[in-house]
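Nothing here was measured: the structure is a model prediction, and the numbers come from that model.
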Amino acid sequence: MSTQSTPILSVLTEDLLIRINEKLVQDSDRKIWRLICKEFHRVDSITRKTLRVLHVEFLLTLLKNYTNLHTLDLSVCPCIEDGTITLLLHRVDHSMWARNLKFLNLSRANGLKFSGLEMLVGACKGLESVDVSYCCGFGDREAAAISGCGGLKELRMDKCLGVSDVGLAKIVVGCGRLERLSLKWCMEISYLGVELLCKKCLELKFLDVSYLKVTSDWLRSIAALSKLEDLAMVGCSLVNDVGLQFLENGCPLLQKIDVSRCDCVSSSGLTALIRRHNGLLQIDAGHAISEFSGNFVECMQELKNLNAIIIDGARVSDTIFQTISSNCKSLIEIGLSKCTGVTNMGIMQLVSGCVNLKTINLTCCRSITDAAISAIADSCRNLLRLKLESCNMVTEKSLGHLGLHCALLEELDLTDCFSVNDRGLERLSRCSRLLCLKLGLCTNISDTGLFYIASNCSQLHELDLYR
């Protein structure tokens, strides 16, 4: 009696195939899946939520196939223009692909102007997030087109050089639900536009005004944003302690503050801000504050929930590290690039209490030796990123400790650490999860050392062998 085998696909229902497809996390695995057969390709097309288009000529075909998208990324299609959008909306049923679209990335789409943007926004009624960063030709007309997204919650307009207060006014009136807004490098925006923004968009949680002509008047208005959690003001040379005092009495929910490269900010202004916001999670004052006062160090004791502090370029002391170690137990990132006063003792004190550190930047901390790196490796077993550029006294002993204790290490910068040799790389190769390794100007390594790295660090994505 002969038996006939049943094809396996006939017993796998669509629901089962969808559940299997959802288990595929890696893009490479999903690609193999949809190439196996037409049924697998069909399941992939109905479940796919994110699409990043690499070539604009395939856009029409892709949007016909993928009709349940939440995210459409066109950031690597800079040649997209109004004509492309016209063709797309006429040849492809946009009621299918646009109906669920929430996130649209048009970063660097410089060919797209008012007409195309208006058509695209009109077709995608449910948009919640739009990125038009580095569309340098965008101006107030394009901003007016974006204002048609009434449900918009997030907008990135970095380096949209033609957008002025007029365009910003259109957006804040049309998009009153905004929660996240980035205006970095939008140089035509002034106090008038930001004042209106702070009056109309009361749901704002994130605001980036980096490199704009931010003054104390701006911060007086920003302080009225009762739901603001994250404020970035990188490179705002007019921001001073007076402006920070306005923030001291406002923004009760503030969790992250970035005043890096704000030349007129001192530790006194930052201290005043911290006193009223002891729930801060992240502070970035890199290359802004030259030296920290005793009051600042005292205030650090209140930051029990702090998880990141960047103080690049400052003069520090062991006392600061002792204070951080004793009080900031949740710290996962610290930036000390080009700081003076960083010693082995200070680092040992730091890591004795901050054992959860995952990112440490010690670039150009030239007094650091193997003793400090050994302490880091012994204490911070979850370390992911360590930057040691120009730490010339680091030797193979440090790499041995990292290889032995930091199995999760993903990024290591040893640029200009000329004491690093092949023996050190052999010991480091135990860090099998390394993704990025920088060995520029390390003149004592050879093919032998690289052989160990290549043999054991198969996930490596970036290798820097400069000079």
Side-chain angles (χ1 to χ4, degrees), residues 306-310 318 321-322 324-326 328-337 339 342-439 442 444-445 448-464:
L306 191 70
N307 58 43
I309 181 167
I310 314 296
D318 294 347
F321 294 127
Q322 183 61 59
I324 294 174
S325 176
S326 301
C328 305
K329 301 293 186 179
S330 300
L331 202 67
I332 60 174
E333 178 179 0
I334 188 164
L336 302 168
S337 173
C339 284
V342 179
T343 65
N344 286 340
M345 182 57 69
I347 295 300
M348 290 175 184
Q349 290 174 335
L350 173 70
V351 298
S352 66
C354 300
V355 297
N356 296 313
L357 278 167
K358 294 183 178 180
T359 300
I360 303 175
N361 187 349
L362 295 171
T363 298
C364 294
C365 296
R366 294 185 171 86
S367 298
I368 293 301
T369 70
D370 292 332
I373 307 305
S374 297
I376 291 172
D378 289 338
S379 299
C380 306
R381 300 298 176 95
N382 294 319
L383 192 67
L384 298 178
R385 287 170 288 277
L386 180 61
K387 298 185 178 182
L388 298 173
E389 179 180 349
S390 297
C391 294
N392 299 322
M393 289 191 279
V394 170
T395 70
E396 64 185 66
K397 184 178 179 181
S398 292
L399 302 190
H401 278 277
L402 291 172
L404 195 60
H405 299 302
C406 299
L408 302 179
L409 192 66
E410 295 180 354
E411 180 180 341
L412 180 61
D413 188 348
L414 296 170
T415 303
D416 200 21
C417 295
F418 50 73
S419 296
V420 170
N421 55 24
D422 291 338
R423 184 74 181 277
L425 294 186
E426 179 184 6
R427 295 177 175 181
L428 178 66
S429 66
R430 294 173 184 170
C431 299
S432 58
R433 298 192 182 186
L434 267 181
L435 300 176
C436 174
L437 178 61
K438 297 186 177 183
L439 298 168
C442 293
N444 287 321
I445 63 170
T448 303
L450 289 182
F451 174 82
Y452 293 118
I453 296 296
S455 298
N456 298 321
C457 305
S458 59
Q459 299 182 47
L460 202 65
H461 286 184
E462 180 179 350
L463 178 64
D464 185 348

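- Exactly one residue among Val351, Ile376, Leu408, Leu412 makes a side chain to side chain contact (heavy atoms under 4.5 Å, CB included) with Leu383. That residue is Ile376.
- The two atoms that bring Cys380 and Cys354 nearest to each other are SG-O, 3.8 Å, heavy atoms only.
- Atom CD1 of residue Ile368 and atom SG of residue Cys417 lie 11.5 Å apart, to the nearest 0.5 angstrom.
- Judged purely by atom type and a 3.5 angstrom limit, Ser419 has no side-chain atom pairing as donor or acceptor with the backbone of Thr395.
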Please report, to 0.1 Å, the donor-acceptor pairs under 3.5 Å made by any side chain of residues 449-457, with sequence neighbours excluded.
{"from": "Ser455", "atom 1": "OG", "to": "Phe451", "atom 2": "O", "distance (Å)": "2.7"}
{"from": "Asn456", "atom 1": "ND2", "to": "Ser429", "atom 2": "OG", "distance (Å)": "3.1"}
{"from": "Asn456", "atom 1": "ND2", "to": "Tyr452", "atom 2": "O", "distance (Å)": "3.4"}

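- Rounding to the nearest 0.5 Å places CD1 of Ile360 at 13.5 Å from OG of Ser337.
- Note that the CG atom of Leu437 and the CG atom of Leu414 stand 6.0 Å from one another [nearest 0.5 Å].
- For the atom pair OG of Ser398 and CG of Leu428, the computed distance is 11.0 Å after rounding to the nearest 0.5 Å.
- The nearest pair of heavy atoms linking Ile310 to Ile334 is CD1-C, 4.4 Å.
- For Arg385, the CZ atom sits in a packed shell: over 12 heavy atoms of surrounding residues, nucleotides or ligands are nearer than 6.0 Å.
- Residue Lys438 comes nearest to Asp413 through the heavy atom pair CB-OD1, 3.5 Å, listed as atom of the first residue, atom of the second, then distance.
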Step by step, would you call Leu331 with Asn356 a side chain to side chain contact (heavy atoms under 4.5 Å, CB included)? CA-CA 6 Å; Leu331 202 67; Asn356 296 313; over 6 Å; no
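- Atom CG of Leu336 is separated from atom NZ of Lys387 by 12.5 Å, given to the nearest 0.5 angstrom.
- How far SG of Cys436 is from NE2 of His461: 10.5 Å, rounded to the nearest 0.5 Å.
- The shortest heavy-atom contact between Cys391 and Cys365 is SG-O, 3.6 Å.
- Without hydrogens or angle criteria, Ser325 side chain to Phe321 main chain gives no donor-acceptor distance under 3.5 Å.
- There is a side-chain donor-acceptor pair under 3.5 Å between Thr343 and Asp318.
- For Thr369, the side chain to side chain donor-acceptor pair (under 3.5 Å) partners are Asn344, not counting sequence neighbours.
- With sequence neighbours excluded, the residues satisfying side chain to side chain contact (heavy atoms under 4.5 Å, CB included) with Asn307 are Leu281, Gln282, Ile332.
- Counting non-hydrogen atoms of neighbouring residues, nucleotides and ligands closer than 6.0 angstrom, the CZ atom of Arg381 exceeds 12 such neighbours.
- Of all heavy-atom pairs spanning Asp416 and Asn392, the tightest one is O-OD1, 2.7 Å.
- The 12-atom threshold is exceeded at NZ of Lys329, counting heavy atoms of other residues, nucleotides or ligands nearer than 6.0 Å.
- Residue Ala377 comes nearest to His401 through the heavy atom pair CB-O, 3.6 Å, listed as atom of the first residue, atom of the second, then distance.
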